[in-house]
Amino acid sequence: MKNISLNTILEKDNLTKKDIVSLLSLKDPLDFKLLYQKADDVRKEYCGDEVHLRGIIEFSNYCDQHCLYCGLRLHNTGLERYRMTKEEIINAAHFIYESGIRTIVLQSGEDHKFDCKEIEEIITAIKKDLDVAITLSTGEREFYEYKRWKDAGADRYLLKHETANPKLYSVYHQGDELDERIEHIKYLKSIGFQVGSGNIIGLPQQTIKDVANDILLLKELDVDMCSISPFIPSQNTPYRNEENGDINLVLRTMAVARIVLRNSHIPATTALATLGSDGREKGLDVGANVIMPNFTPQPYKEKYLIYENKARTDSDPKIFVKQLHKLIESVGRKVGNTKGHSLKVKEEA
Ligand code: SAH
């Protein structure tokens, strides 16, 4: 693209869909540089230099869903399943706190055996013991369950829209509807959750226009956080022979999302680090301000196989957190020491 037209787009206050498609379609590494620089400037202005760490506990890999891309899908009989006990989950939360991290993310497949009350009790116990924020990432549940968990003290909910293309959404999710997913995201927001959403890039049949629509949907939903990650084919799924998502397209999408969303939190995801050993640094350079180290204890950690070869981290999460501190400082940033709430709501005193 001619630099004049690229600069004109980058100087605009509001990007149109056409602008977004042009940015996502850039091919020249020199153009990437201009785009990434702009995203980094926006990140600095709206989010500052802090990188927030969120400790994640993947507490169950049972799942009732059939998502064609995901290794946790119900029909994957090749996966050994586990559920952590309440005590194991609470212990893992303490471990995260002792590592200096003030957000606990509780993630699982859609596992209804963990009923409303049990998750409520886990939230209550963690909140009683520890001064932390809790993010839930347990898929689509009943609205009354979301409300009970919010009332028990959960702060945030992460529910990715996965793709903004309604036809592809129904293909990937075996007939489920995007509109329903969006209703859930809107409901979560309406009852006071800080809401995270996001998409997967590089799924079969997806186009650049679909990715542009992902960004516009995230803007419309006014998300507090968005996770943009590459597709990674997973064994024992119908998409096992597909290709990885394009890392450069993921980086461009993160950069454009940063420019469009301004102050939403954006993680440098584990999936990005899986595609390249410097994935996290690259993510931090193009607008990311969050990293989510994995605190799932052994022997469960190896079994949460959304996809294989998840970026190998040091088996001791405390050592990994130290490495992350170094990494964050080496790119001129600071490790956040607060709960790192949404930048759209005031941080509690
Ligand atoms: N059950 C929860 C959490 C699911 S796992 C939920 O539905 O929200 C968390 C995320 O992993 C999903 O939202 C999806 O975006 C991502 N994911 C699943 N399979 C993937 C794959 N093969 N490549 C990249 N990301 C994947």
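Whatever order the structure lists ligands and atoms in, that order sets their numbers, starting from 1. Numbering starts at 1 and runs along the sequence shown. A quick note: this is a predicted structure, and the numbers were derived from the prediction, not measured.
The pair E120-R148 meets the salt-bridge criterion, with a side-chain N (NZ, NE, NH1 or NH2) lying under 4.0 Å from an Asp/Glu carboxylate O. For K301 and E58, the salt-bridge test fails: no basic side-chain N is under 4.0 Å from an acidic carboxylate O. Salt-bridge annotation for D176 and R181: absent, with no side-chain N of the basic residue lying under 4.0 Å from a carboxylate O of the acidic one.
The proximity of R73 to ligand 1, defined as any non-hydrogen pair under 4.0 Å, does not occur for either the backbone or the side chain.
Here the heavy atom of the protein found nearest to atom 25 (N) of ligand 1 is I200 CD1, 4.0 Å. For atom 6 (C) of ligand 1, the nearest non-hydrogen atom of the protein is G139 CA, 3.5 Å. Counting only heavy atoms of the protein, atom 26 (C) of ligand 1 lies nearest to I306 CG2, 3.6 Å.
Using a 4.5 Å heavy-atom cutoff, the side chains of H52 and R102 are not in contact. Side-chain contact between T274 and Y307 is present, with heavy atoms from C-beta onward closer than 4.5 Å. Residues Q205 and L168 are in side-chain contact: their nearest non-hydrogen atoms beyond the backbone lie under 4.5 Å apart.
Each of the following atoms of ligand 1 lies closer than 4.0 Å to a heavy atom of C70: 18 (C), 19 (N). Residue-ligand proximity, R181 to ligand 1, at heavy-atom distances under 4.0 Å covers atoms 7 (O), 8 (O). Atom numbering of ligand 1 starts at 1 in the shown order; those under 4.0 Å from a heavy atom of Y69 are 18 (C), 19 (N), 20 (C), 21 (C), 22 (N). Taking every non-hydrogen atom of E162 and a distance limit under 4.0 Å, the qualifying atoms of ligand 1 come out as 12 (C), 13 (O), 14 (C), 15 (O).
Taking the ring centroids of Y69 and Y239, they lie at or beyond the 6.0 Å cut-off. F114 and F59 have their aromatic ring centers within a separation under 6.0 angstrom.
In this structure, P230 counts as a contact residue of ligand 1, since one of its heavy atoms falls inside 4.0 Å of the ligand. The closest approach between any non-hydrogen atom of G109 and ligand 1 is below 4.0 Å.
Taking only nitrogen or oxygen atoms, main chain and side chain alike, S108 reaches within less than 3.5 Å of ligand 1. Of the N or O atoms in I232, one or more lie within a sub-3.5 Å distance of an N or O in ligand 1. At least one N or O atom of K160 sits closer than 3.5 Å to an N or O atom of ligand 1.
Nearest to atom 9 (C) of ligand 1 by heavy atom, out of H184, H161, E308, Q107, is Q107.
Screening D155, T103, I126 for a side chain to side chain contact (heavy atoms under 4.5 Å, CB included) involving V132 leaves a single residue, I126.
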